[in-house]
Visitor: 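Here you go, one structure.
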Protein chains: 2
Amino acid sequence: MSLGPQQVGRRERNKQQKLDRITAAASELFAEHGVDEVTTQQIAEKADVGTGTVFLYVKTKGELLLLVQNVHYRKALERGRVDAENISDVLEAVMAIIGSIVRCNRTQIDNGRTYLREMVFGNPDEPHHAEALNIVGQTEKAIAGVLRRGGRVGEADAATLAHVVSAIMFLSMAATINMAHGVDEIEADIRGQVSVLLPH
Amino acid sequence: MSLGPQQVGRRERNKQQKLDRITAAASELFAEHGVDEVTTQQIAEKADVGTGTVFLYVKTKGELLLLVQNVHYRKALERGRVDAENISDVLEAVMAIIGSIVRCNRTQIDNGRTYLREMVFGNPDEPHHAEALNIVGQTEKAIAGVLRRGGRVGEADAATLAHVVSAIMFLSMAATINMAHGVDEIEADIRGQVSVLLPH
DNA sequence: CATCAATAGTGACTATACTCAGAACTGAGT
DNA sequence: ACTCAGTTCTGAGTATAGTCACTATTGATG
């Protein structure tokens with residue numbers, strides 16, 4: 001076990017490479033065909049591993065989607081957070097964060113909804129699932145931060161309101177009724193709801 | 001086709017009976033074992049029909065759950081609406097409606113979450129799915145009615161706020177994190193969020 | 001009653017996410 | 001170099017939701 005600093009052992013390296021190949025394969029196939037049109041066999045084949053191997057790295061196909069998409073949502077949140085900093089109006093600043101995430105969600109239509117479904121209904125013991133929930137938590141924290149700015153919203157209320165905003169986002173993006181809606185329509189829908197929450 | 005008033009024809013009667021048997025079988029099995037532990041084969045067998053016949057009446061297993069549960073939610077809503085009428089405090093009246101639905105949702109733990117999942121992510125072209133969405137719409141209407149009472153909430157805002165409350169309910173009941181929570185904990189969670197929405 | 005078109009019912013079959021018993025590989029100890 | 005315990009990989013196999021080509025039933029019509 002006593003290895004040099006860079007030394008990681010062939011075993012670990014192989015494992016990492018396999019995970020990387022699986023991630024890359026899933027990422028490409030999901031993006032191109034949508035998660036429902038891709039079989040785990042196809043992913044395994046493209047990653048050049050056995051079908052069983054895929055499930056050594058993720059418990060379910062849904063968690064594979066989380067693994068692949070989490071990184072995008074993480075980035076989207078960061079972009080939104082930066083954008084929000086340069087906007088003084090509270091509603092507009094909140095909408096900057098929301099908009100960034102909605103755009104991320106809608107870049108791969110079907111996958112976006114599946115991502116949300118897995119997040120809420122999937123097994124939270126799986127690491128990639130926990131990561132997704134963590135991103136939601138961070139998003140709420142960012143929104144709460146903006147809400148607290150003017151001092152018009154109470155310290156404790158900010159966190160609760162941010163959680164409510166999170167629920168609004170989830171349903172607007174996930175609802176079958178809004179399935180055909182583009183980014184702008186979803187954003188408008190969310191804006192309408194968020195604006196009645198803020199003091200006015 | 002020209003039949004007497006009561007006359008319905010053996011064909012229609014048979015169809016109705018089969019649907020009734022399927023509904024009853026599904027209802028019992030789902031209640032006893034939970035939707036995930038019951039196979040469509042078992043349901044077909046208990047209803048004494050072929051496996052294919054089940055899918056003549058519903059498109060998916062999920063829609064079979066909606067078919068079976070909708071009636072309970074409809075009743076729960078009605079109960080909640082009546083209760084709310086006798087409560088003057090707006091928050092408490094809203095909570096009466098919510099409480100009734102939460103109790104309905106939690107009487108069959110796993111099934112409640114699956115019901116919500118199907119509602120949001122299932123195919124809305126199916127009649128039982130539409131019915132479920134209709135119940136949600138009615139629930140929002142009832143909540144909006146209560147919110148308008150005191151005149152403290154704007155006419156238009158009431159509907160939007162009711163929709164937000166609906167989103168809060170959905171996530172509190174569906175979230176995996178709250179999976180182990182009982183009726184009281186879910187109600188408290190929702191109450192905390194709803195109370196910051198109301199003018200205070 | 002006999003015919004027949006339309007409707008309803010059926011269960012063998014298909015597709016696919018996921019499992020699991022065993023094969024293959026790895027690296028530490030000798 | 002050899003052994004071997006532990007780890008990782010594998011693909012044939014399993015379970016089950018949903019399909020579909022065929023069969024059975026119905027009731028209108030001559």
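These values consider heavy atoms only, across backbone and side chains, with no hydrogens, waters or symmetry-generated copies. Please read all numbers here as calculations on a predicted model, not as lab measurements.
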Visitor: Distance check needed: C:dT19 C1' versus A:Gln41 CD, whole Å only.
Guide: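 Rounding to the nearest Å, CD of A:Gln41 and C1' of C:dT19 are 13 Å apart.
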Visitor: Nearest to the side chain of A:Thr53, which nucleotide is it out of C:dA8, D:dT10, D:dT8?
Guide: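 My answer, after comparing the listed nucleotides, is D:dT10.
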Visitor: Please state how far atom CD in B:Glu12 lies from atom P in C:dA8, giving the value in whole angstrom units.
Guide: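 In whole Å, C:dA8 P lies 7 Å from B:Glu12 CD.
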Visitor: Specify the separation, in whole Å, of atom CD of A:Gln16 and atom C1' of C:dT26.
Guide: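 Whole-Å distance recorded here is 18 Å.
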Visitor: Between B:Lys61 and B:Val38, is there a donor-acceptor pair closer than 3.5 Å when you use the side chain of the first and the backbone of the second?
Guide: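 Judged by distance alone, yes, a pair lies under 3.5 Å.
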Visitor: Is B:Glu78 salt-bridged to B:Lys75, cutoff N-O under 4.0 Å?
Guide: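 B:Lys75 and B:Glu78: not salt-bridged.
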Visitor: Both A:Asp36 and B:Asp48 contact DNA chain C. Which one's nearest nucleotide lies toward the 5' end?
Guide: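 The answer here is B:Asp48.
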Visitor: Can you tell me how far C1' of C:dA8 sits from CG of B:Leu19, to the nearest Å?
Guide: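 The answer, rounded to whole Å, is 13 Å.
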Visitor: OP1 or OP2 of C:dC18 sitting under 4.0 Å from any side-chain N/O of A:Lys61?
Guide: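 Negative; the distance criterion is not met.
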Visitor: Measuring from the side chain of B:Thr51 (C-beta onward, heavy atoms only), which nucleotide among C:dA8, C:dG11, C:dC18 has the closest atom?
Guide: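 Closest nucleotide among those given: C:dG11.
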Visitor: Mind calculating the distance between CD (A:Gln17) and C1' (C:dC25) to the nearest angstrom?
Guide: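 In whole Å, C:dC25 C1' and A:Gln17 CD are 15 Å from each other.
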Visitor: Counting heavy atoms from C-beta on, name the nucleotide in C:dA8, C:dC18, D:dT10 closest to the side chain of B:Lys15.
Guide: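 Ranking C:dA8, C:dC18, D:dT10 by closest atom to the B:Lys15 side chain puts C:dA8 first.
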Visitor: Has B:Thr40 got a side-chain N or O lying under 4.0 Å from the OP1 or OP2 atom of D:dA17?
Guide: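 Indeed, a polar side-chain atom of B:Thr40 lies that close.
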Visitor: Rounded to the Å, how far apart are B:Ile43 CD1 and C:dG11 P?
Guide: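 Distance check: B:Ile43 CD1 to C:dG11 P gives 16 Å.
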Visitor: Provide the closest heavy-atom pair for A:Pro199 versus A:Arg152 in the form atom of the first, atom of the second, distance.
Guide: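 So the two residues come closest at CB-NH2, 3.4 Å.
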Visitor: Specify the closest pair of heavy atoms between B:Gly112 and B:Tyr73, including all atoms of both residues, with the distance to one decimal.
Guide: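 In terms of heavy atoms, the two residues are closest at CA-OH, 4.1 Å.
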Visitor: Using whole Å, report how far CD of A:Gln42 lies from P of C:dC18.
Guide: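 Atom CD in A:Gln42 sits about 15 Å away from atom P in C:dC18.
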Visitor: Choosing from D:dT8, C:dA17, D:dA17, which nucleotide comes nearest the side chain of B:Thr39?
Guide: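 Taking heavy atoms from C-beta onward, the closest nucleotide is D:dA17.
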Visitor: Within the structure, does a side-chain N or O atom of A:Tyr57 lie under 4.0 Å from either OP1 or OP2 of D:dC9?
Guide: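 Affirmative; the distance criterion is met.
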Visitor: Check this one for me: any side-chain N or O of B:Lys18 less than 4.0 Å away from OP1 or OP2 of C:dG9?
Guide: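 Looking at the OP1 and OP2 atoms of C:dG9, one of them is under 4.0 Å from a side-chain N or O of B:Lys18.
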Visitor: Applying a 4.0 Å non-hydrogen cut-off, can you work out what A:Val49 is touching in the nucleic acid: base, sugar-phosphate, or nothing?
Guide: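 The residue A:Val49 makes sugar-phosphate contact but no base contact.
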Visitor: From C-beta outward on B:Asn14, which listed nucleotide comes closest to its side chain: D:dA17, D:dT26, D:dT10?
Guide: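 Between D:dA17, D:dT26, D:dT10, the one nearest the side chain of B:Asn14 would be D:dT26.
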Visitor: Could you state the atom-to-atom distance from CD of B:Glu118 to C1' of D:dA17 in whole Å?
Guide: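 My rounded result for the distance is 12 Å.
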Visitor: Give the nucleotide from the list C:dT19, C:dT10, D:dT10 with an atom nearest to the side chain of A:Leu56.
Guide: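 Out of C:dT19, C:dT10, D:dT10, the nucleotide with an atom closest to A:Leu56's side chain is D:dT10.
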Visitor: Could you see if A:Val68 belongs to whatever hydrophobic cluster contains A:Met173? Use Ile, Leu, Val, Met, Phe, Trp, Tyr and a side-chain cutoff under 4.5 Å.
Guide: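 No, because A:Val68 and A:Met173 fall into different hydrophobic clusters, even though each may have its own neighbours under 4.5 Å.
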